[in-house]
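First comes the structure, then the notes that go with it.
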Amino acid sequence: MKKIEAIIKPFKLDEVKNALSLIGIQGLTVFEAKGFGRQKGHTELYRGAEYVVDFLPKVKIEIVVDDELVDSAVECIEESAKTGRIGDGKIFVSSIEKAIRIRTGEKGSEAI
């Protein structure tokens, strides 16, 4: 099993969620996040005063999938979240040692 974490632009969330459901991924966890990478924020004007917005709004998605679904899930996220502009985000994949569904006690792939 693998955990896929994707940090994307907030307005792409519905598109990513719908694309993942089309390949059979049923559950995901979403966090509101703020951050910056190469874009380093931007400058805005408010009531005549200029200020710097260091942290930009992002959304972090976490899903756990079987090993055979990893490549298709990553490709799905990459295609549906891409705008081609700076700040599109990142995808991280890591191994999961154990998964347990609390309600039923199911373990491993059955728990996800």
Side-chain angles (χ1 to χ4, degrees):
M1 294 178 295
K2 302 285 186 204
K3 177 163 110 174
I4 301 170
E5 299 173 81
I7 300 164
I8 62 170
K9 292 182 175 183
F11 67 89
K12 286 293 201 170
L13 177 60
D14 284 337
E15 195 173 330
V16 170
K17 180 182 71 91
N18 293 336
L20 287 170
S21 69
L22 290 176
I23 63 166
I25 295 174
Q26 298 174 2
L28 66 137
T29 304
V30 177
F31 303 92
E32 289 185 17
K34 290 184 179 189
F36 69 90
R38 290 184 181 162
Q39 70 213 65
K40 306 248 189 316
H42 62 276
T43 306
E44 288 189 5
L45 203 59
Y46 179 72
R47 293 189 178 182
E50 192 175 279
Y51 65 99
V52 177
V53 178
D54 289 332
F55 295 101
L56 300 173
K58 301 288 181 184
V59 172
K60 180 180 179 184
I61 300 169
E62 291 186 359
I63 58 174
V64 177
V65 297
D66 281 324
D67 290 336
E68 55 271 1
L69 273 178
V70 172
D71 292 334
S72 58
V74 167
E75 185 179 316
C76 182
I77 294 168
E78 190 174 359
E79 289 176 5
S80 58
K82 186 175 188 174
T83 66
R85 299 176 62 205
I86 195 165
D88 275 352
K90 300 264 194 291
I91 301 172
F92 305 101
V93 180
S94 55
S95 294
I96 296 294
E97 290 183 29
K98 190 184 288 190
I100 302 162
R101 185 183 311 268
I102 295 172
R103 180 177 56 86
T104 62
E106 293 170 296
K107 294 181 177 16
S109 295
E110 295 173 5
I112 57 174

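No hydrogens, no waters, no symmetry mates; every other heavy atom, side chains included, goes into these values.
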Exercise. Does any pair with a residue in residues 70-79 pass salt bridge (Lys or Arg N to Asp or Glu O under 4.0 Å), and if so which ones, sequence neighbours excluded?
Worked result: none

Side chains of residues 100-112: which donor-acceptor partners sit under 3.5 Å, not counting sequence neighbours?
unit_1 : atom_1 : unit_2 : atom_2 : d
Arg101 : NE     : Glu106 : OE1    : 2.7
Arg101 : NH2    : Glu110 : O      : 3.2
Arg101 : NH2    : Ala111 : O      : 3.1
Thr104 : OG1    : Glu106 : N      : 3.3
Thr104 : OG1    : Glu106 : OE1    : 2.8
Ser109 : OG     : Asp66  : OD1    : 2.6

For this session: Sequence neighbours left out, what pairs pass salt bridge (Lys or Arg N to Asp or Glu O under 4.0 Å) with at least one residue falling in residues 8-24?
Result: Lys9-Asp88, Lys12-Glu15

Exercise. Is there a path from Val65 to Ile96 through hydrophobic residues (I, L, V, M, F, W, Y) whose side chains come within less than 4.5 Å of each other?
Worked result: no

Problem set entry | Partners passing side-chain hydrogen bond (donor to acceptor under 3.5 Å, both in side chains) against Ser94 (at least two apart in sequence or in another chain) | none

Exercise. Linking I/L/V/M/F/W/Y whenever their side-chain heavy atoms sit closer than 4.5 Å, directly or via other members, would Ile63 and Leu13 fall into one cluster?
Worked result: yes

Problem set entry | Shortest non-hydrogen contact from Pro57 toward Pro10 | O-CD, 3.4 Å

Exercise. Going only through I, L, V, M, F, W and Y residues with side-chain contacts under 4.5 Å, is there a path from Ile8 to Val64?
Worked result: no

Exercise. Hydrophobic cluster mates of Phe92, side-chain heavy atoms under 4.5 angstrom, ILVMFWY only, any path?
Worked result: Ile7

Seminar exercise, completed: Hits for salt bridge (Lys or Arg N to Asp or Glu O under 4.0 Å) against Glu5, two or more places apart or cross-chain, chain-then-number order -> Lys60

Taking distance alone, no hydrogens or angles, what donor-acceptor pairs closer than 3.5 Å link side-chain atoms of residues 27-34 to residues at least two apart or in another chain?
none

Seminar exercise, completed: Residues passing the salt bridge (Lys or Arg N to Asp or Glu O under 4.0 Å) test with Lys82, sequence neighbours excluded, are none

Problem set entry | For Cys76 against Leu20, the heavy-atom pair lying closest together | SG-N, 3.6 Å

For this session: Write down the atom of Val70, the atom of Ile4, and the distance for their closest heavy-atom approach.
Result: O-CD1, 4.1 Å

Exercise. Is there side-chain contact between Ile61 and Ile77, with heavy atoms separated by less than 4.5 Å?
Worked result: no

For this session: Take Ser95 and Lys2 through the side chain to side chain contact (heavy atoms under 4.5 Å, CB included) test and state the conclusion after the steps.
Result: CA-CA 5 Å; Ser95 294; Lys2 302 285 186 204; 3.0 Å; yes

Seminar exercise, completed: Between the CG atom in Asn18 and the OG atom in Ser80, the distance rounded to the nearest 0.5 Å is 9.0 Å

Exercise. Side chains of Thr83 and Phe11: does their closest heavy-atom pair fall under 4.5 Å?
Worked result: yes

